[in-house]
Amino acid sequence: SPASAAGLRSGDQIIAFGSLQRFTKSADRFGFQIDYHGSNELSNVASNIFMFDSITNSISPMVRASIGAEIDLVVARETSVDGEQRTQQQLTLIPARWDGSGLIGCVLK
């Protein structure tokens, strides 16, 4: 899937998706979590950051408009068994039609 090819993993939390940055009210929450079906700084990802507050209103339209184009992501990834330590990873996602469902191959929730 495109998500797998980009290096996304189940449990990753998206904190930047292209020019969109996740708005959170709590410092404990990093962003949308990746759920599969089947370290540059954030400032290097996009010069114009826009807040997103829902997948339907922000991310889905960007994915549909970016078929075949690169979308830079920043994810927070747990690096310890107890979930206490996280690192930021920069990834590149290319939405595409593939044998599975959707354009990216994972569910954002």
Side-chain angles (χ1 to χ4, degrees):
S1 72
S4 179
L8 282 169
R9 297 181 188 169
S10 186
D12 282 352
Q13 293 182 323
I14 296 174
I15 53 178
F17 194 96
S19 59
L20 303 173
Q21 181 179 350
R22 174 72 171 133
F23 173 77
T24 59
K25 294 180 181 177
S26 168
D28 295 332
R29 182 166 171 151
F30 282 81
F32 291 119
Q33 186 169 338
I34 300 295
D35 183 22
Y36 272 107
H37 283 206
S39 283
N40 290 329
E41 294 299 320
L42 184 60
S43 60
N44 292 336
V45 175
S47 58
N48 296 315
I49 301 295
F50 300 97
M51 296 300 182
F52 63 89
D53 62 351
S54 77
I55 295 167
T56 303
N57 294 333
S58 300
I59 294 199
S60 294
M62 180 181 282
V63 168
R64 286 191 301 271
S66 301
I67 296 172
E70 293 182 351
I71 300 174
D72 290 326
L73 309 178
V74 175
V75 300
R77 181 170 292 162
E78 290 183 6
T79 57
S80 63
V81 176
D82 60 9
E84 294 293 321
Q85 296 178 346
R86 297 181 183 183
T87 61
Q88 287 188 6
Q89 304 284 320
Q90 183 175 342
L91 307 172
T92 301
L93 173 69
I94 303 174
R97 302 198 189 287
W98 62 294
D99 293 337
S101 62
L103 296 172
I104 58 176
C106 68
V107 175
L108 302 177
K109 62 179 184 176

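- Between the side chain of S1 and the backbone N or O of S4 there is at least one donor-acceptor pair closer than 3.5 Å.
- In this structure, the separation between CD1 on I71 and CG on L91 is 12.0 Å, given to the nearest 0.5 Å.
- A distance of 10.5 Å separates CG of D12 from CZ of R86, quoted to the nearest 0.5 Å.
- When hydrophobic clusters are built by joining Ile, Leu, Val, Met, Phe, Trp and Tyr residues whose side-chain heavy atoms come closer than 4.5 Å, directly or via intermediates, I104 is grouped together with M62.
- Between atom CG of residue L20 and atom CD1 of residue I14 there is a gap of 10.5 Å, rounded to the nearest 0.5 Å.
- The heavy-atom pair separating A6 from T92 by the smallest distance is CB-O, 3.1 Å.
- A pairwise comparison of heavy atoms in A3 and C106 identifies CB-SG, 3.8 Å as the closest pair.
- Contact annotation: the side chain of P2 never approaches that of L103 to less than 4.5 Å [non-hydrogen atoms, C-beta and beyond].
- A single hydrophobic cluster is not seen to contain both I94 and I67; linkage of ILVMFWY side chains at heavy-atom distances under 4.5 Å, directly or through other members, places them apart.
- Within the model, atoms CD of Q89 and CD1 of I15 stand 10.0 Å from one another, a figure rounded to the nearest 0.5 Å.
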